[in-house]
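In listed order, ligands and their atoms are each counted from 1. Any value given below was found using the heavy atoms of this structure, including those in side chains, with hydrogens, waters and symmetry copies removed.
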Amino acid sequence: MPLLVVVGAQWGDEGKGRFVDWLAAGADYAARYNGGDNAGHTVTVGKQVFKLHLIPSGILQAGVTAILGNGMVINPRTLLEEMDRLSQAGIEITPRRLHISYAAHLVTPAHQALDRALEAARGRGSIGTTGRGIGPAYTDKASRQGLRMVDLLAEDFPARLEERLTGANRTLQALGAPLLDIAAMNEEARLWAARLKDYVTDTSAELHRALQAGKTVLAEGAQGTLLDLDFGTYPFVTSSSTTAAGALTGLGLGLTAAQGARVIGVVKAFQTRVGGGPFPTEVHDDLALRLRGTGANPWDEYGTTTGRPRRVGWLDGVLLRYSARLNGLTEFVVTKLDVLSGLETIKICTAYRYGNEVLTELPYGATGLTAFEPVYEEFPGWQEDITAVRRWQDLPQAARDYLGRVQALVGAPLRIVSVGSERGQVIEL
Ligand code: IMP
């Protein structure tokens, strides 16, 4: 199967990284197509825990070539840090197997400073961004004043960067935020160019050739469908196309490349979100603590990028169906089923109440969710520890019933269930 898209079906943090790592074992390319270092993908290999922000998780499989696509916004500073960290952990990071699109946009310190200053200025209406400069970088892209990877290689790059930083300082001053040290940043930018120039290439042409030659390309979505700029809980969204469609524009592939593609939705067995915005099935108190974990383990519900505790709640089946439709899921996987073990009762929201109406479809997509009250179906829980289960038939009946209902809501086959954070802790169907 040539093109495989892995997409988060919720608000991000579904556990995509470990599935991409797993699926990448049979792939030739792993490609990121959206977002930047706002993403945080955790992959556990043996005793090593890798946290990836920009580089596709597929890089951890030796035979894979990793692509940073044109749809991304890339902070060269964090990219270089991540490359160094992976190299030190024994992962080959060379121009032979890491390719960066010349058309990907740069995230500069100006974007980060603006992101934080704008969030502060929003006060109580803040989005709860990761502060990584993602929104301002995509704003510059859309307003046609962004700097791209290819610009980093040009001789006039320092002058162009300086011009942008000076402009940013004017805005920062107006917002009462600290100003940027332009001279120091220009100095650092020279190093970026020297270290990254051999990695920059035409990744769209490369992927096109690869698909024509029958190679397998694994497109790795970052964030989740409900954070999509068009279809998420706007304005509490990120600034990129997080859906499967984003893989085409974000990698420079034609529609025909997608024919016969597999689109794999990653669904966490419960719902989480980090940052502001509506969350109809959110829970609090003891149950929230139970689902979130204490933070002692890397897979507990604390942001990989920011460390913020994630908001948690019951699975939202209405939003899940919406997500399945938007992405055209051909199949899905469920992560973290083991976290639900030991609960007396498990709930799934299968409709919303709005006044006297009960809705199973959303009138304006994910807009206006705060006005809706969830209608739940309840399922008996299971008490067994399922972390060692490797076969469907060995799962408790209650767990199978729960997953059966989830499958009916998604309307596509369930392929894999994860019951722990290790590479091998999965049940294949
Ligand atoms: P931004 O992408 O930093 O602009 O943040 C916008 C919204 O997306 C905020 O609610 C963030 O918490 C959320 N967000 C961004 N990246 C991720 C992610 O990788 N996982 C989960 N939420 C994210």
Is there a donor in the side chain of T225 and an acceptor in the side chain of N327, or the other way round, less than 3.5 Å apart?
-> yes
Does K268 make a cation-pi contact with F270 (under 6.0 Å, within 45 degrees of the axis)?
-> yes
Distance from [atom] to nearest protein heavy atom, with residue and atom:
| atom | value |
| --- | --- |
| atom 13 (C) of ligand 1 | L227 CD1, 3.8 Å |
| atom 3 (O) of ligand 1 | T130 OG1, 2.6 Å |
| atom 5 (O) of ligand 1 | T129 CA, 3.3 Å |
| atom 11 (C) of ligand 1 | G128 O, 3.5 Å |
| atom 17 (C) of ligand 1 | Q223 CG, 3.5 Å |

Heavy-atom distance to atom 12 (O) of ligand 1: which of T233, T238, V274 wins?
->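 Comparing heavy atoms across T233, T238, V274, the nearest one to atom 12 (O) of ligand 1 lies in V274.
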Looking only at non-hydrogen atoms, which of D115, V237, D13 approaches atom 7 (C) of ligand 1 most closely?
->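 Result: the heavy atom closest to atom 7 (C) of ligand 1 is in V237.
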Could you tell me whether some N/O pair between R308 and ligand 1 is separated by less than 3.5 angstrom?
-> yes
Work out whether the distance between some heavy atom of A39 and some atom of ligand 1 is less than 4.0 Å.
-> yes
Electrostatic pair [X]:[Y] at N-O distance under 4.0 angstrom:
| X | Y | value |
| --- | --- | --- |
| R195 | D84 | yes |
| E119 | R116 | no |
| R262 | E331 | yes |

Matching residue for Q223 among N34, T130, D228 - test: side chain to side chain donor-acceptor pair (under 3.5 Å) | N34
Distance in Å, T42 OG1 paired with W299 CH2, rounded so as to fall on 0.5 Å steps =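 T42 OG1 to W299 CH2: 11.0 Å, rounded to 0.5 Å.
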For W11, atoms of ligand 1 separated by under 4.0 Å from a heavy atom =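 Going through ligand 1 atom by atom, the ones under 4.0 Å from W11 are 21 (C), 22 (N).
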